[in-house]
J.: 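The structure is given below, and queries will be raised subsequently.
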Amino acid sequence: MKVEDFAGAGPAFRLEDYFTGKTRAWGMFEDRFGNLRRQFVVDIDGDWDGETLTLDEHFRYADGELDRRVWTIRPNGPNGYVGQADDVLGEARGAAFGNALNWTYRMNLKVGGREIEVRFDDWMFLQEDGVVLNRATVTKFGIELGTATIFFQKDRPRMAPALGLQTDRRPAMAMQAPRE
């Protein structure tokens, strides 16, 4: 799969549009055998200053562990992005076309009481109503260790103008009382 294949898909996904403001995400990590290893919630505060997007991510894991990561991300050409965070080795690089973003980076990942260097191949897809679906494959030496699946949600009224959404839309299905 190539990110360019999604050039015509909508809604258009630009990190600086989507992540400015507050975002909440729910995620899980499954090992390569399909065993659920971790679940988490992330609260993200995003700030776009016209050149750099800063994402302040606060993780809360199901086992009670807390963590924080701060990303600084800059557009790089018409579709590209580069980013850095303290636990990312070098730069993260990616591109957005249509509703998709593919983002790759190497990271020191905390596992138990130690850190291991892994590679993330992140795919994000913007959906209607301010939802982003994210699936990241985690590898070491080319061997898949597992997959992170994350669901991001924005507040619909606040994101509506940036995403071209209506704010007065009613749910697709509504319960109605039976007619007599």
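Counting from 1, the numbers follow the sequence of the chain as shown. All values reported here derive from a predicted model rather than from experimental measurement.
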J.: Any side-chain heavy-atom pair from Trp48 and Asp17 closer than 4.5 angstrom?
T.: no
J.: Run Asp45 and Lys22 through side chain to side chain contact (heavy atoms under 4.5 Å, CB included) and show every step you take.
T.: CA-CA 5 Å; Asp45 291 313; Lys22 296 194 178 296; 2.6 Å; yes
J.: Using 0.5 Å steps for rounding, measure from the CG atom of Asp43 to the CD atom of Glu57.
T.: 10.5 Å
J.: Can Lys2 and Glu4 be said to form a salt bridge (charged side-chain N to carboxylate O under 4.0 Å, His left out), step by step?
T.: CA-CA 5 Å; Lys2 294 184 294 189; Glu4 295 86 354; 5.9 Å; no
J.: For a quick test of reading the model, state the closest non-hydrogen atom pair linking Ala136 to Asp122 and the distance between them.
T.: CB-OD1, 3.1 Å
J.: Between Arg119 and Thr104, is there a side-chain heavy-atom distance shorter than 4.5 Å?
T.: yes
J.: Please tell me whether Ile150 and Val42 are part of a single hydrophobic cluster in this structure, the criterion being side-chain heavy atoms less than 4.5 Å apart.
T.: yes
J.: Check whether any side-chain heavy atom of Ile73 lies under 4.5 Å from a side-chain heavy atom of Leu55, and answer yes or no.
T.: yes
J.: Is there a donor-acceptor pair under 3.5 Å between the side chain of Lys154 and the backbone N or O of Thr20?
T.: yes
J.: Could you pull out all residues at least two apart from Trp71 that satisfy ring-ring contact (aromatic ring centres under 6.0 Å, His included)?
T.: Trp103, Tyr105
J.: Is Asn102 close to Asp121 at the side-chain level, that is, under 4.5 Å between some pair of heavy atoms?
T.: yes
J.: Could you give me the CA-CA distance, side-chain angles and deciding distance for Phe13 and Phe6, then say whether side chain to side chain contact (heavy atoms under 4.5 Å, CB included) is met?
T.: CA-CA 11 Å; Phe13 189 24; Phe6 297 92; over 6 Å; no
J.: Any chance the rings of Phe152 and Phe19 have centres within less than 6.0 Å?
T.: yes
J.: Please report the closest heavy-atom contact between Arg69 and Asp87, naming both atoms and the distance.
T.: NH2-OD2, 2.8 Å
J.: How long is the gap from OG1 on Thr149 to CD on Glu30, to the nearest 0.5 Å?
T.: 5.5 Å
J.: Is it the case that one hydrophobic cluster holds both Val132 and Phe125, taking links as side-chain heavy atoms less than 4.5 Å apart, direct or via other members?
T.: no
J.: I need the Ile44 CD1 to His58 NE2 distance, nearest 0.5 Å.
T.: 10.0 Å
J.: Would you indicate whether the side-chain heavy atoms of Leu66 and Arg68 approach each other to under 4.5 Å?
T.: no
J.: Examine Phe40 and Val70 and state if one hydrophobic cluster contains both, with Ile, Leu, Val, Met, Phe, Trp and Tyr joined whenever side-chain heavy atoms are less than 4.5 Å apart.
T.: no
J.: When hydrophobic residues are tied together by side-chain contacts of less than 4.5 Å, even through go-betweens, does Phe59 share a cluster with Met124?
T.: yes
J.: Identify which one of Lys110, Arg60, Arg38 satisfies the salt bridge (charged side-chain N to carboxylate O under 4.0 Å, His left out) criterion when paired with Glu65.
T.: Arg38
J.: Any chance you could measure Leu101, atom CG, to Asn134, atom CG, to the nearest 0.5 Å?
T.: 9.0 Å
J.: Enumerate, atom names and distances included, each donor-acceptor pair closer than 3.5 Å involving a side-chain atom of residues 75-86, sequence neighbours excluded.
T.:
{"residue": "Asn79", "atom": "ND2", "partner": "Ala96", "partner atom": "O", "Å": "2.8"}
{"residue": "Tyr81", "atom": "OH", "partner": "Arg14", "partner atom": "NE", "Å": "3.2"}
{"residue": "Tyr81", "atom": "OH", "partner": "Arg14", "partner atom": "NH2", "Å": "3.2"}
{"residue": "Tyr81", "atom": "OH", "partner": "Leu15", "partner atom": "N", "Å": "3.1"}
{"residue": "Tyr81", "atom": "OH", "partner": "Glu16", "partner atom": "OE1", "Å": "2.6"}

J.: So Leu133 and Phe151, do their side chains get closer than 4.5 Å, heavy atoms only?
T.: yes
J.: Taking Lys140 for the side chain and Leu145 for the main chain, is one N or O donor matched with an acceptor at less than 3.5 Å?
T.: no
J.: Kindly indicate whether the side chain of Phe97, heavy atoms from C-beta on, has any atom under 4.5 Å from the side chain of Asp5.
T.: no
J.: Can you find a heavy atom in the side chain of Arg32 that is under 4.5 Å from one in the side chain of Ile143?
T.: yes
J.: Report the residues that fulfil side chain to side chain donor-acceptor pair (under 3.5 Å) with Arg114, sequence neighbours left out, ordered by chain and then residue number.
T.: none
J.: Checking Gln153 side chain against Asp129 main chain: does a donor-acceptor pair fall under 3.5 Å?
T.: yes
J.: Can you tell me how far the CZ atom of Phe29 sits from the CZ atom of Arg37, to the nearest 0.5 Å?
T.: 9.0 Å
J.: Indicate if Phe120 and Val3 have the same hydrophobic cluster label, given that clusters are the connected sets of ILVMFWY residues with side-chain heavy-atom separations under 4.5 angstrom.
T.: no
J.: How long is the gap from CG on Asp47 to CG on Leu53, to the nearest 0.5 Å?
T.: 8.0 Å
